[in-house]
Colleague: 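The structure's right below; bear with me while I get my questions together.
Letters A, B, ... are given to chains in the order of the sequence lines, protein chains preceding strands, and every chain is numbered from 1.
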Amino acid sequence: MSRPFDVVAVEEKWQATWLDEGTYDVDNDDPRERYYALTMYPYPSGFAHQGHVRNYTFGDVVVRYQTMLGKAVLSPYGFDSFGLPAENAAIKAGEHPRPFTEARMAELKTSVRRLGAVYDWRREVYSHDPEFIRWSQTIFLAFLKKGLAYRAEAQVNWCPGCMTVLANEQVLADGTCERSGDVVVRRFLEQWFFKITDYAEELLKSLDALEWPERVKLMQRNWIGRSEGVEFDLPFAYDETKSLRVFTTRPDTGFGVTYAVVAPEHPLLSILTTDDERARVDEIVLRASNTTEIERSTNSSEGIGLEKRGAFTGSFVINPFTKEQVPVYVADYVLGTYGTGAIMAVPGEDERDFEFAKAHGLKVVRTVQPPANVEGAYNGEGLHVNSGFLNGLDVVTAKTKATEFLVEHANGVAKVNYRLRDWLVSRQRFWGCPIPIVYCDDHHIVPVPEDQLPVLAPDDVVIDKTGQSPLATHEGFLNTTCPTCGKPARRETDTMDTFTDSSWYYLRFADPFTPGKAFDPVQAAKWMPVNQYIGGIEHAILHLLYARFYLKALDDIGLAPGLPREPFQRLFTQGMIRFHGSKMSKSKGNLVTPEAYYQTVGADGLRLYHLFAGPPGDNLDWTDQTDDVIDGCGRFIDRFYRLWHYRDVHFHDVADETDYSVRQATHRTIARVTNDLNRWSYNTAVAAIMELLNAASKVGRSKEGIEKATLDEALDVMATLLAPMTPHITAELWQERHPDRPGVHQLPWPVADPALVAEETVTMVVQVNGRVKARLSVAPSISESDASAAALADATVVAALKGTPPTRVVARPPRLVNIVT
RNA sequence: GCCCGGAUGGCGGAAUUGGCAGACGCGGAGGCCUCAAAAGCCUUUGCUCGAGAGGGUGUGUGGGUUCGAGUCCCACUCCGGGCACCA
């Protein structure tokens with residue numbers, strides 16, 4: 001592309017200006033109305049790719065637009081710089097992860113600056129900064145003190161090859177480790193947890209008030225998984241003083257309980273198991289303990305070996321509804337970690353119970369009358385049958401009655417259960433925030449005193465290819481003394497999940513200035529909550545849930561007084577970029593870097609493309625046509641540049657009707673673009689400005705020409721509207737024409753003149769039997785009868801009617817009249 | 001399997017409340033400028049019948065509600081995403 005101006009020079013000039021002058025630095029005591037715009041801080045993966053470009057373009061439009069609306073906009077930048085990829089890359093290169101990570105940070109920083117995205121760089125944070133680590137550890141210890149952090153034995157995915165715990169995502173579908181290929185086993189390990197389950201109800205309830213995409217809220221609701229039911233006792237048949245406690249959401253189906261099931265991990269299992277059955281039960285328990293949860297579920301979805309996944313224990317319990325004895329089974333389809341780890345099985349109304357009953361020849365009793373032709377389990381609405389005192393009742397009523405019955409006769413208690421589990425934060429990794437704990441033989445778990453924080457990982461670690469946690473083998477780090485008694489002690493060698501860093505970084509951004517504090521709540525409160533959070537949909541659950549939990553917990557332990565309990569008021573999730581159909585990512589080697597485009601269409605052209613290509617929330621396909629569209633965006637900027645310099649424009653002196661129509665278009669564009677920006681419809685905002693340029697250009701270049709003031713107004717408005725989107729060229733052109741005025745980005749956002757937005761005449765469509773026959777120009781205030789009369793008087797309409805009298809005339813003035821014959 | 005979202009020209013997409021389908025852009029066709037090209041500019045472009053005026057048809061498929069449906073309802077197909085034994 002040949003451009004009418006030097007793109008690179010213009011863009012570099014303004015990038016330097018914004019950076020040197022700190023144009024977008026904001027102080028905590030700024031008197032203007034506040035706006036906190038935050039783009040999720042990135043994992044530093046090197047130079048930016050199109051996903052970053054898209055992300056930071058959207059963020060930058062928000063920052064610049066809100067600034068022009070007169071607000072003090074907080075726009076910080078930082079790095080989620082701990083994490084597995086750096087550790088793995090460092091192992092591969094035989095390097096320490098820090099220089100590796102910092103080199104990638106420098107690269108990404110170069111990229112975002114070159115894009116023209118503006119930040120208050122004084123507030124930059126990164127997770128591996130010793131100061132950030134200090135406060136992450138302080139928060140951990142505060143959680144510990146208030147009982148929100150605890151240590152417990154947990155079943156984890158353990159890779160024997162890597163000698164470490166794996167996250168579920170790191171275990172492949174066939175149950176092997178994604179890195180070493182070893183078969184992953186389940187293992188009990190002492191691990192640190194955060195008590196996020198204490199907040200399940202609040203996390204669920206306060207979702208309602210958030211201006212987030214509904215699907216993200218829905219995903220979180222499902223993840224939390226609230227369910228209401230009853231917990232009650234099934235007495236042992238041989239000894240009614242003992243009982244098996246179960247949880248159900250369907251107490252109304254109690255008459256259909258034909259067996260009970262306990263999880264392989266259930267504490268009463270050995271008591272329930274008779275000698276005759278012990279061998280078969282042990283087999284189930286062994287199998288379950290060697291199988292990951294992923295495998296367990298894979299088996300079920302493929303329907304493999306249900307009869308092998310459970311066995312009779314030899315014992316019976318009494319169904320409190322029927323007083324009948326029912327057998328107790330052990331099966332791995334019941335989870336030890338949910339509810340009471342035991343269930344009442346109702347094969348008539350529960351599909352899993354039905355399948356299991358079929359495989360084991362157990363009795364099936366229907367308690368809710370299903371519609372005709374239902375074969376298997378039926379869990380829908382219906383009237384109760386075979387259910388004693390519940391017969392004839394609908395499900396809701398029967399639930400209430402059955403709950404009352406269980407409360408009275410079976411130690412029943414109404415109970416709410418959540419699918420959400422406590423957050424396991426221990427990672428057997430090196431490149432993360434060390435957990436600040438010391439283990440002493442006498443004093444057990446001892447927190448590292450605050451004046452000894454931060455606990456930093458030593459630099460001279462050997463990171464070799466075994467993948468063994470380097471901290472556990474580093475004698476100098478591992479061996480310490482007990483802060484309480486001074487005797488030799490061991491340090492905790494696990495690090496924290498990196499999601500802990502991203503759970504509070506937004507608070508540090510709000511106030512990284514107050515010495516001796518992670519953040520001063522009074523200062524942070526000036527910015528919080530984040531008004532607009534922008535990021536990828538892949539963080540819909542974990543990051544956004546953990547961050548919500550953190551802020552609530554910080555408030556409850558007294559570290560965040562006066563702050564809101566929700567961090568992110570408005571959330572926007574942008575779509576992914578796909579490259580010929582598959583996800584664009586570094587690991588797939590299909591990155592399209594922005595560098596080449598900076599030379600041709602510039603950052604402005606590339607930004608315009610990302611804004612124009614489609615709805616910001618939709619996925620974007622990078623195809624063979626993409627470069628053509630990007631060139632088109634560059635051409636648009638060039639056409640704007642030429643019109644700005646009156647290229648081929650003719651002027652006339654006295655404004656006429658055509659000029660008036662240009663003025664109308666100008667003000668209507670202000671209204672449209674403002675509305676579009678507020679509703680995240682950047683693609684239509686760009687289209688509206690293109691239309692205005694087309695219209696002004698057409699009139700200006702016509703033989704009759706244009707009045708200068710009219711064209712200048714249109715051009716100034718276009719520059720202002722484009723300023724958040726294509727900041728470089730608009731800043732340059734504005735400075736050129738208005739050297740004495742403030743820069744375009746310091747201007748107030750334009751306001752449309754209502755008189756020019758209002759329409760004097762509108763096109764009214766006349767239909768005959770729903771087909772358009774005529775278009776009439778009418779006043780917007782036209783009455784129903786006038787509209788009908790005008791329609792019926794139209795010659796084309798009369799011709800189309802061919803004398804047939806209308807049976808009905810539907811008038812919807814001023815847009816439409818439909819004549820029905 | 002369950003739960004969500006989506007399907008509009010050759011392509012990306014627009015149509016905010018049920019009221020002119022296809023804004024804007026890409027691509028295509030024709031033209032102007034030029035010795036020629038690039039760049040730029042102009043015209044045109046859903047499909048189809050017609051020389052034309054004009055007509056028919058058209059928003060994944062089938063049905064429905066309505067004077068009127070891309071938009072609402074029912075059933076289905078395909079695509080994308082989330083969860084995956086949570087009792």
Side-chain angles (χ1 to χ4, degrees), chain A residues 1-4 213-216 218-223 225-227 229 246-250 253 261 293-294 296-301 303 309 331-335 337-346 349-353 355-356 379 417-421 537-538 540-541 576 578 609 612-615 617-621 623-633 635-636 638-639 642 647-648 675-676 679 681 683-691 693-694 697-698 701 763-772 775 806-812 815-821:
Chain A
M1 278 187 84
S2 83
R3 309 288 304 272
E214 275 311 314
R215 65 175 173 147
V216 174
L218 189 69
M219 277 191 243
Q220 293 219 346
R221 284 189 191 107
N222 292 341
W223 188 261
R226 183 185 203 272
S227 64
V246 295
F247 172 74
T248 183
T249 56
R250 290 296 303 274
T253 61
V261 188
E293 281 195 23
I294 290 165
R296 251 157 105 164
S297 61
T298 308
N299 281 353
S300 93
S301 64
R309 296 178 53 210
D332 70 1
Y333 82 89
V334 172
L335 303 176
T337 47
Y338 184 80
T340 62
I343 62 157
M344 63 176 223
V346 192
E349 278 79 34
D350 183 282
E351 206 174 318
R352 294 154 305 178
D353 295 346
E355 297 296 328
F356 189 81
N379 58 20
N417 265 318
Y418 300 90
R419 182 185 164 281
L420 184 70
R421 312 274 179 88
I537 184 74
E538 66 272 20
I541 298 172
M576 285 186 313
R578 297 157 166 281
Y609 167 73
F612 180 64
D618 285 8
N619 289 339
L620 178 67
D621 253 311
T623 69
D624 296 335
Q625 286 201 3
T626 299
D627 280 354
D628 285 335
V629 181
I630 294 174
D631 284 347
C633 291
R635 276 200 295 274
F636 166 75
D638 291 347
R639 292 177 58 220
R642 286 191 217 98
R647 195 79 53 87
D648 301 323
N675 185 24
D676 286 349
R679 67 182 181 114
S681 185
N683 53 330
T684 53
V686 174
I689 301 171
M690 286 175 169
E691 282 184 62
L693 179 67
N694 290 346
S697 182
K698 187 168 185 153
R701 300 158 75 107
T763 302
M764 185 175 78
V765 170
V766 184
Q767 299 178 332
V768 175
N769 293 324
R771 287 164 210 275
V772 179
R775 292 186 171 85
T807 56
R808 188 173 166 190
V809 178
V810 182
R812 289 285 174 276
R815 296 273 162 216
L816 174 135
V817 173
N818 188 14
I819 300 160
V820 186
T821 58

Colleague: If I pick the C1' atom on B/G18 and the same atom on B/U66, what distance separates them, to the nearest angstrom?
Modeller: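 It works out to 9 Å between them.
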Colleague: Between B/U8 and B/A21, how far apart are the C1' atoms? Round to whole Å, please.
Modeller: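 One C1' to the other, the span is 8 Å.
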Colleague: So, is B/G9 syn or anti if syn means the angle is within 90° of 0?
Modeller: syn
Colleague: Rounded to whole angstrom units, what separation is found between the CG atom of A/L335 and the P atom of B/A84?
Modeller: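 That distance rounds to 11 Å.
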Colleague: Could you tell me whether the side chain of A/R808 has a donor or acceptor atom within less than 3.5 Å of a complementary atom in the base of B/C67?
Modeller: no
Colleague: Rounded to whole Å, how long is the line connecting atom CZ of A/R578 with atom P of B/G81?
Modeller: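 So the two atoms are 6 Å apart, to the nearest Å.
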Colleague: Looking only at atom C1', what distance separates B/A69 and B/G62, rounded to whole Å?
Modeller: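 To the nearest whole Å, 16 Å.
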Colleague: Rounded to the nearest Å, what distance is computed from the CE atom of residue A/M690 to the P atom of nucleotide B/A23?
Modeller: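 It works out to 14 Å between those atoms.
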Colleague: List the protein contact pattern of nucleotides 10-19 of chain B with one symbol per nucleotide (5' to 3'): B for base contact, S for sugar-phosphate-only contact, - for none; contact means a heavy-atom distance under 4.0 Å.
Modeller: BBBSSSB--B
Colleague: What's the OH-C1' distance between A/Y338 and B/A87, to the nearest Å?
Modeller: 7 Å
Colleague: Measuring from the side chain of A/R642 (C-beta onward, heavy atoms only), which nucleotide among B/C26, B/G40, B/A87 has the closest atom?
Modeller: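 From the listed options, B/G40 comes nearest.
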Colleague: Give me the ring orientation class for A/Y333 and A/F356: parallel if the planes are under 30° apart, tilted from 30 to 60°, perpendicular past 60°.
Modeller: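 Tilted.
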